[in-house]
Amino acid sequence: QVQLVESGGGLVQPGGSLRLSCVASRTIFTINAMGWYRQAPGKERELVASITSSAETDYGDSVKGRFTISRDNAKNTVYLQMNSLKPEDTAVYYCNVRYGLRSNSWGQGTQVTVSS
């Protein structure tokens, strides 16, 4: 199995920046995609950003131009750089990896709160 551990969440003022990290417990040879999702209270979990094995990226409409996803395969890590943060970005952010033929793992989540 693969365990994912997120870090980097916290409290930040509107307009500020934060970088989230997600570290996998082991090297995954056949990653299909890694991504970040978020879930705010009373709302469904939604895609924030994803990156495929071929480096194709996808972003949720609400974060395009503000967030950037990247990865470092040697460190088994995926990052989410979050700029120009808004109160509506407040949520628990979850890391996800799809690998192998049909395997999927989720992290435990990290809280991001944007408030002045």
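A donor and an acceptor atom, one from each side chain of S54 and T52, are located under 3.5 Å apart.
T77 OG1 to R71 CZ: the interatomic distance, rounded to the nearest 0.5 Å, is 12.5 Å. Taking CG of N76 as the start and OG of S25 as the end, the distance is 8.0 Å to the nearest 0.5 Å. The line from CZ of R102 to CG of N32 is 13.0 Å long, rounded to the nearest 0.5 Å. The distance from atom OG of S115 to atom CD of Q13, rounded to the nearest 0.5 Å, is 8.5 Å. Interatomic distance, OG of S17 versus CZ of F67, reported as 9.5 Å (0.5 Å rounding). Atom-to-atom distance recorded for E6:CD and L80:CG is 11.0 Å, nearest 0.5 angstrom.
Note on Y94: it does not cluster hydrophobically with V63, by side-chain heavy-atom contacts below 4.5 Å among ILVMFWY residues.
No donor-acceptor distance shorter than 3.5 angstrom exists from the side chain of Y79 to the backbone of T68, with no hydrogens or angles considered.
Sorted by first and then second residue, the pairs that involve residues 24-52 and meet ring pair (Phe, Tyr, Trp, His ring centres under 6.0 Å), not counting sequence neighbours, are Y37-W106.
Looking at V112 and R38, their side chains never come closer than 4.5 Å, going by heavy atoms from C-beta outward. At least one side-chain heavy atom of N104 sits less than 4.5 Å from a side-chain heavy atom of N96.
Within 6.0 Å of CD on E88 lie more than 12 heavy atoms contributed by other residues, nucleotides or ligands.
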